[in-house]
Amino acid sequence: MEQYASYFLMREADLPAYVRAKLPLFADCDHLCAKEIGDGNLNYVFRVWDTETGKSVIVKQASHTLRISDEMHLSLDRNRRECDILRLEGGYAPGLVPEIYYYDEIMHAYCMEDLSDHAIMRTALLQHEIFPDFAEQITDFMVNTLLPTTDVVMDHKEKKELQKRYSNPELCEITEDLVYTEPYRDLRGRNHVFPPNADFVAREIYGDTQLHCEAAQLKFDFMNNGQALLHGDLHTGSIFIRKDSMKVIDPEFTFYGPMGYDIGNVIANLIFAWCNGQCTMEAGAEKAAYLHWLETTIVQVVDLTRSKMAAAFDKLATDPMARAPGFQARYLASVMADTAGATGTELIRRTVGMANVKDITTIPDTEARAGAERCCLLAAKAYIFRRREALSGAAYLDILHDAWKRGTSK
Ligand code: SR1
Ligand code: MG
């Protein structure tokens with residue numbers, strides 16, 4: 001019987017034979033080793049390498065239940081979608097995603113370029129590493145993958161085809177629940193509220209009905225504004241980085257939604273890293289340099305996204321009405337409002353929701369962590385309530401500094 005003719009979930013020991021069978025480049029390699037390297041929430045990721053030649057590859061396989069929860073089930077097809085999107089994004093943003101070698105529709109696994117010379121960005125940020133080119137790289141990635149897939153640029157029938165093809169109800173439901181519902185109303189008891197902040201969260205998040213109204217608006221915008229083909233989960237755990245290179249991975253949450261969702265996710269996750277630096281680094285030059293880099297990066301991500309998107313709009317817009325005087329400014333203002341909203345919702349959901357971030361949860365000092373969380377929640381509310389004020393990068397920073405002061409004062 002043909003090998004791998006039916007699906008099974010692979011363990012480390014299965015990987016050498018699998019790679020030998022599937023990739024001609026490894027067919028004659030008798031010295032293959034494998035290690036599970038993933039620590040994501042959903043899938044299994046392995047590195048396989050030849051101890052003689054040093055050749056290596058990454059294999060990612062989807063399972064029926066999520067890696068973080070046996071109770072949550074998803075169809076296995078998500079890896080096919082992820083491969084397609086990585087290939088598509090690679091066309092729009094060459095060099096900013098990994099190369100895909102092979103997709104296996106039975107095992108729901110794919111093989112891609114080994115990025116072990118890069119680090120997962122969240123892990124590197126926990127070590128307080130600085131990446132001076134990140135703002136340029138990530139804004140290139142976002143502008144070059146997002147705007148070309150909108151109706152402003154893409155042929156409208158082609159866009160509708162993509163919208164159909166990448167409709168992603170299962171993964172969107174996770175976002176609708178975990179980002180846009182449960183952080184405000186803990187309907188399934190899945191939230192993780194840090195006990196010292198229980199009263200604060202009860203008052204500022206669960207008890208703030210105006211906030212709920214804004215979050216509801218953002219939720220329905222997320223579900224109904226099929227603006228561009230998003231990555232859908234663009235946090236620092238979805239980015240591989242090295243001083244001179246950045247690659248975006250894991251676009252399985254992709255769908256047609258508001259561009260601001262991706263942009264806001266990036267900004268919020270830089271803010272988590274900033275809080276971690278504030279709370280865990282010794283005062284001194286290293287801390288000052290790290291926080292300065294993060295602050296500059298936050299400002300640049302906001303401002304460069306806007307300016308690069310304006311330039312790309314000028315260059316690429318094909319829809320004749322998109323060139324109506326004043327329309328571009330209006331369009332970009334709404335993208336930036338969505339961005340501020342998504343920055344806020346990501347800050348809230350990672351602080352009180354089910355899927356938290358190590359930047360915050362590994363802060364060892366209880367009062368410092370509680371202060372950082374209050375800062376994130378207060379900043380989040382300001383980003384959400386003030387999202388239509390055309391916030392500049394500097395304004396994002398002012399809001400963060402003010403929230404830090406208020407969140408950490410006794
Ligand atoms: C159950 S999945 C939890 C989170 O992990 C993914 O990376 C997404 O951010 C999702 O919300
Ligand atoms: Mg992921």
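Computed over heavy atoms, backbone and side chain alike; hydrogens, waters and symmetry mates excluded. These numbers were taken from a predicted model, which means no experiment stands behind them. All ligand and atom numbering here is 1-based and tracks the order in the structure.
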Which label fits Phe141 and His231: parallel for a plane angle under 30°, tilted from 30 to 60°, or perpendicular past 60°?
perpendicular
Does the plane of the ring in Trp274 sit parallel, tilted or perpendicular to the ring in His401? Use 30° and 60° as the thresholds.
tilted
Distance to the ring centre below 6.0 angstrom and angle to the axis at most 45 degrees; does that hold for Lys60 and Phe46?
no
Geometric cation-pi criterion, Lys243 with Phe131: 6.0 Å, 45°:
yes
Check each N or O atom of ligand 1 against all protein N or O atoms and list the pairs under 3.5 Å, with atom names and distances to 0.1 Å, one per line.
from	atom 1	to	atom 2	distance (Å)
ligand 1	5 (O)	Asn41	ND2	2.6
ligand 1	7 (O)	Asp233	OD2	2.6
ligand 1	9 (O)	Asp233	OD1	2.7
ligand 1	9 (O)	Asp233	OD2	3.4
ligand 1	9 (O)	Arg349	NH2	2.9
ligand 1	9 (O)	Arg350	NH2	3.1
ligand 1	11 (O)	Arg349	NH1	2.8
ligand 1	11 (O)	Arg349	NH2	3.4

Please test Thr181 against Asp177 for side chain to side chain donor-acceptor pair (under 3.5 Å), starting from the C-alpha separation and ending with a verdict.
CA-CA 5 Å; Thr181 305; Asp177 291 346; 4.7 Å; no
Compute whether any side-chain donor of one residue and acceptor of the other, for Asn269 and Glu346, lie under 3.5 angstrom apart.
yes
